[in-house]
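Computed over heavy atoms, backbone and side chain alike; hydrogens, waters and symmetry mates excluded. Chain letters run A, B, ... following the sequence lines, proteins first, then strands; residues in each count from 1.
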Amino acid sequence: MAKGQGLTTRTEDYAKWYGEVIEAGDLAEHSPVRGCMVIKPYGYALWENMRDVLDRMFKDTGHSNAYFPLFIPKSYLSKEAEHDEGFAKECAIVTHSRLIPTPDGKDLMPDPSSKLEEELIIRPTSETIIYGAIKNWIQSYRDLPLLLNQWANVVRWEMRTRLFLRTAEFLWQEGHTVHATAEEAEEETAKMLGVYADFLENWAAIPVLQGRKSESEKFAGADHTYCVEAMMQDRRALQAGTSHNLGQNFAKGFDLTYQTQEGKLEHAWTTSWGVSTRLIGGLIMTHSDDKGLVLPPKLAPHQVVVVPIWRKDAQKDDILAYADKLVAPLREKGIRVHLDARDKMQPGKKFYEWEKKGVPLRLEVGPRDMENDGVMTVRRDTGDKAPMAREAFLDGVQATLDEIQATLLAKARAFREENTHAVDSYDRLKEIVEGDGGFCRALWCGSDACENQVQSETKATIRCIPFDEPEEKGDCIICGESNEKIGKRIVWSKAY
RNA sequence: CGGGGUGUGGCUCAGCCUGGUUAGAGCACGUGGUUUGGGACCACGAGGUCGGCGGUUCGAAUCCGCCCACCCCGACCA
């Protein structure tokens, strides 16, 4: 994208648009390390806001934060067979602890004598290292439930990466809980999925489908996986968060046992759940437009930006003093406001910049406004521009921000509904998937064979078996067998 | 890991085919001035081991060899 011009539009090239929005919004950039990104201050501020809200939600549901090591002894990974198989092919491995100069003295190489006794895996997820530690914390049913969360970075050596959506290293939170009964573990798994759905809809303004993953899509090592799925503006699905009921699989692998009230020794029941910096990608692809980022007020680093305008230097001090009559009251109301007092920059340039950065509400204050005790307001979501009296603006600003938040959610929900189709034949499924795309609600027999066939022929996958689908008996659109095992429509879509 | 492509100031690229003083342009950046209600203009200025190593040559960004990195398209995935 050339500076001083517009972005590639979504219809021209969606992937290119996505990259340009990130660049123009100053969120992140590629690092010299393959598949890794540098999250810039503005992008990190967005992540911090997400993190703070989620962290509060986790604590309100009884969880405590802890921190476990980045390195996992290789042997830990082989204690849960499915888990091992699921992650082994994308691990970074530490083999040495020291560098020495090469024989020609021009480079460095691992010192053969520093080869580790046991190689260390850089965590792709922390179940194994956490169970290794907490099995010693739990002896009695009185020690349960154990409700932990960790904010951390993890590494998965992915083949193809995209900023935020799939990077070799990413930031996330991973909840890990241990329970005395299967019922409690199931309740926890469902509860945390609900927390994610709440966060996504009410804070990120991203409507989500809640549901269960098919056997082939579930987390490696889980009994079953629940997920929240969102639709991006190119009508592809994004798995925004997952919550896994791990049953006793990991407890057995790590000998995580507790003594019951009756004095018997039993394996515990565990869960894990996570969301990552991928959510930033989801936020971008849900709300942003051809002018750049559009951020929901509840998560935006700056909810309001004030651009002062002066014609002559002599006016500058007066205008800035007047701008403060907006900025100070906004701060008092707890609104995140930024005054852009940069000199030697034309107002128009600032307008474009904050538009690209997705600030929900822009205020322009110049001599005319100062004279009228007014302010010019511009909404990022609709582009609506309106002059207002200062006091009236201040009285209504929170309501305006709430309305922007609600508008974004409603718009995203309407888009998803428009692009969700009830599909009753495989031909129709292919037609949609190969055409505009979207979510296809269809009957499915529950077999891997049908799932694999669709995936290899169309690239679409089963995103989830939604909770809120009504019961519906009928024949699988692929093989024609009865769907009695599933008993309702499931959702197919291409996904990120 | 297969197929394709690209490596030259912060960014986008020209120069390479046909080797020849001091490697260019636009954007961005700095200073000064005029500007400022939707991306300003003028002047001056700073910034480069031309991805790395080796070879050919009097001389290499340019030719040859090897290596590395990144990007795009596939198979795999939060």
Are any protein N/O atoms closer than 3.5 Å to N/O atoms in nucleotides 34-36 of chain B? If there are, list each pair with its distance.
unit_1 : atom_1 : unit_2   : atom_2 : d
B:rU36 : O2'    : A:Trp310 : O      : 3.4

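Using N1 to N3 plus N6-O4 or O6-N4 for Watson-Crick, or N1-O2 and O6-N3 for G-U wobble, each under 3.5 Å, B:rG74 pairs with B:rC1. Figure legend. B:rG19 is base-paired to no nucleotide; pairs are counted as Watson-Crick or G-U wobble with both atom distances under 3.5 Å. The nucleotide B:rC63 finds its pairing partner in B:rG55, both defining distances of the Watson-Crick or G-U wobble pair being shorter than 3.5 Å. Nucleotide B:rU6 forms a Watson-Crick or G-U wobble pair with B:rA69, both donor-acceptor distances falling under 3.5 Å. The partner of B:rG45, taking Watson-Crick or G-U wobble pairs whose two distances both stay under 3.5 Å, is B:rC29. Remark: B:rU35 base-pairs with no nucleotide; criterion is Watson-Crick or G-U wobble with both hydrogen-bond distances under 3.5 Å.
B:rG37 and B:rG45 are spaced 33 Å apart, taking the C1' atom of each and rounding to whole Å. Using atom C1' as the reference point in both B:rG52 and B:rC68, the two lie 7 Å apart (nearest Å). Distance check on atom C1': B:rG59 versus B:rG3 gives 39 Å, rounded to whole Å. For B:rG26 and B:rG65, the P atoms lie 36 Å apart once the distance is rounded to whole Å. Taking atom C1' on both nucleotides, B:rC13 is separated from B:rU6 by 12 Å, rounded to a whole Å. Comparing the same atom, C1', in B:rG15 and in B:rG48 gives a spacing of 15 Å after rounding to whole Å. With both ends at atom P, the span from B:rG38 to B:rG30 equals 24 Å, rounded to whole Å. The same atom, P, is picked in B:rG33 and in B:rU21; the two are 41 Å apart, to the nearest Å.
Aromatic ring centres of A:Phe170 and A:Phe164: separated by at least 6.0 Å.
Residue A:Lys385 places its side chain closer to B:rG38 than to any other of B:rG38, B:rA78, B:rG39.
Looking at heavy-atom distances under 4.0 Å, A:Phe170 makes contact with a base. Contact annotation for A:Thr167: base contact, defined as any heavy-atom pair under 4.0 Å involving a base atom. At a threshold of 4.0 angstrom between heavy atoms, the contacts of A:Leu165 include nucleobase atoms, whether or not backbone atoms are also involved. Nucleic acid contact for A:Lys459: sugar-phosphate only, since backbone atoms but no base atoms lie under 4.0 Å from a heavy atom of the residue.
As rounded to whole Å, 17 Å separates atom C1' of B:rC11 from atom CD1 of A:Ile22. Whole-Å rounding puts the A:Lys40 NZ to B:rG10 P distance at 14 Å. Atom-to-atom, CZ of A:Arg123 to P of B:rA78 comes out at 18 Å; the value is rounded to the nearest Å. Taking atom CD on A:Glu23 and atom P on B:rA28, their separation rounds to 14 Å, with Å as the unit. When the C1' atom of B:rC71 is taken as reference, atom NZ of A:Lys16 falls 13 Å away, rounded to whole Å.
To the nearest 0.5 Å, the span separating CH2 on A:Trp17 from CD1 on A:Ile284 amounts to 7.5 Å. To the nearest 0.5 angstrom, A:Arg463 atom CZ is 9.0 Å from A:Ser214 atom OG.
Classification of A:Lys40 and A:Asp26 as a salt-bridged pair holds, one side-chain N sitting under 4.0 Å from a carboxylate O. Electrostatic pairing of A:Lys291 and A:Asp289 does not count as a salt bridge here, judged by no charged N lying under 4.0 Å from a carboxylate O. A:Glu12 and A:Arg10 are not joined by a salt bridge, as no carboxylate oxygen comes within less than 4.0 angstrom of a charged side-chain nitrogen.
With hydrogens and angles left out, the side chain of A:Glu355 and the base of B:rG38 share a donor-acceptor pair within 3.5 Å.
Mapping A:Glu217 and A:Lys349 onto RNA chain B by nearest heavy atom places A:Lys349 closer to the 5' end of the strand. In this structure, A:Ala168 and A:Thr161 both approach RNA chain B, and ranking their closest nucleotides by distance from the 5' end singles out A:Thr161.
Remark: ring of A:Tyr352 stacked against base of B:rG39; centroid gap under 5.5 Å, plane tilt under 30°.
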Listing, residues 201-210 of chain A side-chain donor-acceptor contacts under 3.5 Å, not counting sequence neighbours, or none:
unit_1   : atom_1 : unit_2   : atom_2 : d
A:Glu201 : OE1    : A:Arg413 : NH2    : 2.8
A:Glu201 : OE2    : A:Val208 : N      : 2.9
A:Asn202 : ND2    : A:Asp198 : O      : 3.4
A:Asn202 : ND2    : A:Asp198 : OD1    : 2.6

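For the 3.5 Å distance criterion, the side chains of A:Thr377 and A:Arg379 fail to qualify, holding no donor opposite an acceptor. For the 3.5 Å distance criterion, the side chains of A:Glu188 and A:His63 qualify, holding a donor opposite an acceptor.
Classification of the A:Tyr42-A:His302 ring pair by plane angle, with boundaries at 30° and 60°, yields tilted. In this pair, A:Tyr131 and A:Phe250 present their aromatic rings tilted. The plane angle is within the 30 to 60° band.
Listed in residue order, the members of residues 361-381 of chain A having a heavy atom less than 4.0 Å from RNA chain B are A:Arg362, A:Glu364, A:Gly366, A:Pro367, A:Arg368, A:Asp369, A:Met376.
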